[in-house]
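Scope of the values below: all heavy atoms of this structure, side chains included, with no hydrogens, waters or symmetry mates. These numbers come from a predicted model, not from an experiment. Throughout, a chain's letter reflects where its sequence line sits, starting with A, and its residues are numbered from 1.
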2 protein chains.
Amino acid sequence: MGKMICNCDSCHNKLCARQISIFSSLDDQQLMRIADLIIHKGYKKGELLIFEGESVNSLFIINKGQTKAFRNTQDGREQILYLFSEGDFFGERSLLRDEVSNYSVEALEETHICLIHKHDFQVLLKEHPDIALKIMEELCRRLDRLENTVETMGTRTVEARVSSVLLEFADKYGKPHPRGIMIELPLSREGIANYIGLTRETVSRKMSLLQDEGVIEMNGNKKVLLLDRSALERAADRAS
Amino acid sequence: MGKMICNCDSCHNKLCARQISIFSSLDDQQLMRIADLIIHKGYKKGELLIFEGESVNSLFIINKGQTKAFRNTQDGREQILYLFSEGDFFGERSLLRDEVSNYSVEALEETHICLIHKHDFQVLLKEHPDIALKIMEELCRRLDRLENTVETMGTRTVEARVSSVLLEFADKYGKPHPRGIMIELPLSREGIANYIGLTRETVSRKMSLLQDEGVIEMNGNKKVLLLDRSALERAADRAS
DNA sequence: CGGGCACTTGATAGTAATCAAGTCCGGTGG
DNA sequence: CCACCGGACTTGATTACTATCAAGTGCCCG
């Protein structure tokens with residue numbers, strides 16, 4: 001494959017679309033056609049990609065970086081609903097139906113996006129029914145996570161909620177470390193609080209508690225070393 | 001259409017499948033083929049249709065009655081995730097992927113179900129890609145609701161959560177009444193509590209409060225007359 | 001009409017939000 | 001490379017609220 005088929009900065013001579021699971025059933029020729037449809041766009045940390053209440057006219061696929069999807073309440077409080085990273089897509093719901101977005105999406109760091117225009121996406125969906133099945137799978141995964149979140153928020157102690165988030169981050173962002181798993185936190189304390197419906201002070205206190213118990217070790221503000229995973233799992237299961 | 005095409009007790013000479021939105025794109029002939037695949041089954045109040053952690057081998061469509069989908073926590077607490085009524089389906093997630101069920105489903109009253117066997121369902125899905133789109137729409141609606149639930153549980157006062165449920169029930173089960181909207185509650189106080197992560201006592205207290213404020217009027221244990229909808233909407237928006 | 005269960009209401013205790021200082025981290029500029 | 005500055009984080013004290021425990025009341029079904 002010596003031919004240039006995708007000229008985005010981050011994937012020279014590769015089909016970046018191939019890395020996206022929703023296109024995994026397509027062959028190279030089909031992927032090349034899709035690659036032609038893709039527009040690349042970069043966002044700086046803090047920039048908004050999608051605005052709550054406004055219409056969306058493209059499917060967003062993350063090539064590099066990460067974003068949060070959230071809603072603002074009247075009194076300025078924020079509820080984070082999803083964290084998206086490399087390979088994840090969003091905006092699909094506004095394209096499938098013709099509705100405005102339920103949430104805003106903000107870049108948590110420098111983020112590169114592949115955009116597919118609404119119309120092209122709808123044609124793709126018709127031409128390749130397999131894509132619909134892949135999207136359905138991803139929607140099911142999101143339902144799974146939200147169901148877990150509702151259960152956690154509804155029936156678990158506050159310490160269990162904090163433990164659950166740390167476990168989620170360990171699985172998603174954790175890297176092996178001589179003494180356990182090193183987690184690079186994608187969110188600030190306030191971000192974590194807004195993800196699980198608590199205040200930043202409470203998150204702070206509960207994390208300090210977990211550190212005192214020898215379960216985790218905080219390394220600066222953005223790094224957590226998970227020392228005892230099974231203890232964290234036990235804590236996450238604790239009902240209120 | 002004098003020919004007998006569906007012999008279930010509750011829909012003589014009708015295509016009950018036609019009433020289901022996921023089959024709405026099909027014509028009569030196709031519906032007749034589906035009607036042949038359907039098995040009818042009845043459940044009594046309190047009976048379990050699906051067991052959390054066990055595999056599911058059919059798609060369940062409610063012909064009559066209603067059910068709740070819920071999870072049990074270790075300490076016996078319960079989190080209700082969905083309420084399903086006439087025309088709703090469930091079990092689809094275990095069929096799309098090959099996984100055990102995330103939740104149990106229990107009949108809240110005498111309930112009649114149309115069952116489509118896993119294999120038949122998968123064939124249908126391949127033959128009629130439109131069905132996948134319809135299912136996707138429904139999955140999106142469930143995501144919408146769960147996102148709202150997470151936001152409500154994460155950022156709203158307890159009174160707002162109770163108000164939200166009452167509004168949801170008013171829209172879903174409410175009937176016009178000279179003095180407002182009469183709501184036949186699908187759940188007991190404890191059920192409502194398990195739906196929004198509170199205790200039955202708190203639900204009781206907050207409903208009494210709403211009654212004192214003249215927003216609702218309780219009529220026995222299962223009926224609520226909504227007197228002032230806009231007041232309830234204001235209460236539901238109140239952040240904690 | 002009677003009995004059981006769901007619901008209501010009250011008192012108390014526990015816990016997280018809030019308000020308020022401090023401290024630390026990390027980035028910036030000298 | 002170090003010192004400094006601002007924002008994020010931690011910790012403490014207090015308040016507010018809901019869970020819990022407990023006792024009555026009333027609805028609904030047989």
Can you check whether B:Leu83's main-chain N or O pairs, donor with acceptor, with B:Lys172's side chain at less than 3.5 Å? yes
Donor-acceptor contact present, side-chain A:Arg229 to main-chain A:Val215, <3.5 Å: no
Between [N] atom [atom2] and [X] atom [atom1], what is the distance in whole Å?
X	N	atom1	atom2	answer
A:Arg200	C:dC24	CZ	P	19 Å
A:Asp212	D:dT10	CG	C1'	12 Å
A:Ile196	C:dA17	CD1	C1'	14 Å
B:Ile192	C:dA6	CD1	C1'	12 Å
B:Ile216	C:dC7	CD1	C1'	14 Å
B:Lys45	C:dC5	NZ	P	13 Å
A:Lys222	D:dT10	NZ	P	11 Å
B:Leu210	C:dT8	CG	C1'	15 Å

Does [X] have a side-chain nitrogen or oxygen under 4.0 Å from the phosphate oxygens OP1 or OP2 of [N]?
X	N	result
B:Lys206	D:dT18	yes
B:Ser208	C:dT9	yes
B:Thr199	D:dT18	no
A:Arg77	C:dA17	no

Just by distance, with hydrogens left out, do [X] and [Y] show a side-chain donor and acceptor under 3.5 Å apart?
X	Y	value
B:Glu106	B:Tyr43	no
A:Thr149	A:Thr152	no
B:Tyr195	B:Glu78	no
A:Ser230	A:Asp228	yes

By the 4.0 Å heavy-atom rule, please label [X] as base, sugar-phosphate, or nothing.
X	result
B:Arg161	nothing
A:Thr157	nothing
A:Met218	sugar-phosphate

From the set C:dA17, C:dC7, D:dT10, return the single nucleotide nearest to any side-chain atom of A:Ser204.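 Selected nucleotide: D:dT10.
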Select one nucleotide: of D:dT18, D:dC9, C:dC7, the one nearest the side-chain heavy atoms of B:Ser188. C:dC7
Quick one: the side chain of [X] and the base of [N], do they pair up donor-acceptor inside 3.5 Å?
X	N	result
B:Glu190	C:dC5	no
A:Glu201	C:dC19	yes
B:Arg205	D:dT20	yes

Inter-axis angle, terminal five-pair segments of the helix from C:dC1-D:dG30 to C:dG30-D:dC1 [nearest 10°]: 50°
Close side-chain approach of A:Gln74 to B:Arg238, heavy-atom, < 4.5 Å: no
If you assign each of B:Ser240 and B:Gly220 to its closest nucleotide in DNA chain C, which residue comes earlier from the 5' end? B:Gly220
So which one's nearest nucleotide on DNA chain C is more toward 5', A:Leu198 or A:Asn221? A:Leu198
Hey, do the aromatic rings of A:Phe70 and A:Tyr103 have their centres closer than 6.0 Å?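 No, they do not, as the ring centres are separated by 6.0 Å or more.
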